[in-house]
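Working notes for the structure below.
Because the structure is a prediction, the values reported are computed rather than measured.
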Amino acid sequence: MLKKLTEEQIEKILTSAITEFGEQGYGRAKISSIAQAAGISAGVIYKYYEDKAALFGACLEHCLDYLDRVYSEVDRNAGDMEDSMEQLVELAIIASREHPEYFRLYHQITLTQDPEEAEILASRIEGSSSKIYTEALEEARRSGVVKEDLDPGYFALFFDDVLMMISFSLCSGYYRERMRLYLGHEPSDAELKEQVLRFIKGAFGMAR
């Protein structure tokens, strides 16, 4: 009979798997390496997760649940577009610092070449945020908060691209060096937040 794992042990498995998938990619990731890092046998993992794909799916859901909890904090001030944007930028920085391995996994996911798989993953990961951003920008355009000729769909995409690059720049060695190349230094979190908000507000035509 399979001994039930504790929540702490399951968390350890998922954390180890997220790190392995993020660093090695799905194809090169090994269950044996994940098991060793988690301090359990590979057999135990296979008893809880049918195969590597099932474990990968559990890792993805774990990361998305975390991000849903983090970004739900913005809802309390959703009525103020500028405040919401500021919070989203700040939360992107905080989340990237707290769990860089989650965003390394996300980066690996974006490299998938299978069209059907890409469509499923993009819909699951980006579906909610794309709708929220687009609707918020449409409302801001109608109320005169942002430029009247702004296209909500394009600008929602560009805004999410900025958040994505913040995360990649803080969790990836390559993107961190890329940031240093452009800026001549590695900015503090406060400086990064300030400059990103200046860029976004300028693009959106906000007065402040």
Side-chain angles (χ1 to χ4, degrees), residues 2-73 88-89 91-130 132 157 160-180 186 189 192:
L2 178 64
K3 182 180 178 181
K4 185 176 177 62
L5 294 178
T6 65
E7 289 187 10
E8 183 179 350
Q9 289 173 315
I10 293 174
E11 179 75 22
K12 183 66 174 176
I13 291 172
L14 292 175
T15 299
S16 301
I18 289 167
T19 299
E20 176 76 3
F21 285 128
E23 292 179 353
Q24 302 300 327
Y26 180 82
R28 295 196 306 270
K30 296 180 179 179
I31 295 293
S32 58
S33 298
I34 294 168
Q36 184 177 12
I40 60 171
S41 69
V44 170
I45 292 180
Y46 281 118
K47 287 178 181 177
Y48 269 81
Y49 304 98
E50 183 179 358
D51 51 26
K52 188 164 76 169
L55 178 57
F56 182 81
C59 290
L60 177 58
E61 291 301 322
H62 185 77
C63 293
L64 292 175
D65 286 346
Y66 166 78
L67 291 176
D68 284 344
R69 291 194 304 272
V70 169
Y71 291 118
S72 67
E73 297 178 21
L88 282 165
V89 171
L91 288 169
I93 294 172
I94 292 172
S96 303
R97 293 295 193 192
E98 286 185 347
H99 288 288
E101 69 277 12
Y102 291 5
F103 295 95
R104 284 193 284 269
L105 176 64
Y106 176 44
H107 185 234
Q108 287 292 341
I109 290 171
T110 65
L111 301 177
T112 181
Q113 296 299 311
D114 184 294
E116 185 176 343
E117 183 182 7
E119 182 179 351
I120 293 170
L121 289 170
S123 178
R124 172 66 184 91
I125 297 170
E126 314 285 359
S128 297
S129 59
S130 63
I132 291 170
L157 171 64
D160 194 57
D161 284 346
V162 171
L163 295 184
M164 182 171 64
M165 286 310 304
I166 290 173
S167 299
F168 288 173
S169 296
L170 296 179
C171 75
S172 163
Y174 175 87
Y175 284 106
R176 187 177 295 112
E177 287 302 322
R178 177 179 178 272
M179 182 167 60
R180 290 196 190 106
E186 185 168 345
D189 290 353
L192 180 61

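Closest approach of Ala42 and Ala35 over heavy atoms only: N-CB, 3.6 Å. The minimum heavy-atom distance linking Ser129 with Ile125 is given by the pair OG-O, 4.4 Å. Nearest heavy-atom pair across Ala92 and Leu163 is CB-CD2, 4.1 Å.
Here the CG-OG1 distance, from Leu121 to Thr112, works out to 6.5 Å after rounding to the nearest 0.5 Å. Note: His99 NE2 to Leu105 CG = 13.0 Å, rounded to the nearest 0.5 Å. Taking SG of Cys171 as the reference point, atom NE2 of His107 lies at 8.0 Å (rounded to 0.5 Å). Here Phe168 contributes atom CZ and Met179 contributes atom CE; the two are 13.5 Å apart, rounded to the nearest 0.5 Å. Between the CG atom of Leu170 and the CD atom of Glu186 there is a distance of 7.5 Å, given to the nearest 0.5 Å. The line from OG1 of Thr110 to CE of Met164 is 7.0 Å long, rounded to the nearest 0.5 Å.
The side chain to side chain donor-acceptor pair (under 3.5 Å) analysis of residues 163-176, with sequence neighbours excluded, yields the pairs Ser96-Ser167. For the salt bridge (charged side-chain N to carboxylate O under 4.0 Å, His left out) condition, no pair includes a residue of residues 20-34, sequence neighbours left out. For residues 92-109, the set of pairs meeting the salt bridge (charged side-chain N to carboxylate O under 4.0 Å, His left out) definition, not counting sequence neighbours, comprises Arg97-Asp189.
Classification of the Tyr26-Phe21 ring pair by plane angle, with boundaries at 30° and 60°, yields parallel.
The main-chain N or O of Ile120 is never found under 3.5 Å from a side-chain atom of Ser123 such that the two would form a donor-acceptor pair.
When the side-chain hydrogen bond (donor to acceptor under 3.5 Å, both in side chains) test is applied to Arg124, the partners found at least two apart in sequence or on another chain are Glu61. Ile10 pairs by the side chain to side chain contact (heavy atoms under 4.5 Å, CB included) definition with Leu5, Leu14, Tyr49, not counting sequence neighbours. Considering only residues two or more places apart in sequence or on other chains, Phe103 meets the ring-ring contact (aromatic ring centres under 6.0 Å, His included) condition with none of them.
Put simply, the side chain of Tyr48 does not reach to within 4.5 Å of the side chain of Ile13, judged on heavy atoms. The shortest distance between side-chain heavy atoms of Ile45 and Ile40 falls below 4.5 Å.
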**Q.** Residues Leu67, Tyr102; criterion side chain to side chain contact (heavy atoms under 4.5 Å, CB included); working and verdict
**A.** CA-CA 9 Å; Leu67 291 176; Tyr102 291 5; 5.5 Å; no
Q.
Using side chain to side chain contact (heavy atoms under 4.5 Å, CB included), reason through Val89 and Ile166 one step at a time and then give a plain yes or no.
A. CA-CA 8 Å; Val89 171; Ile166 290 173; 4.0 Å; yes
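Taking a 6.0 Å sphere around NZ of Lys12, one finds it holds 12 or fewer heavy atoms contributed by other residues, nucleotides or ligands. Few gaps surround CD on Glu11; more than 12 heavy atoms of other groups in view lie less than 6.0 Å from it.
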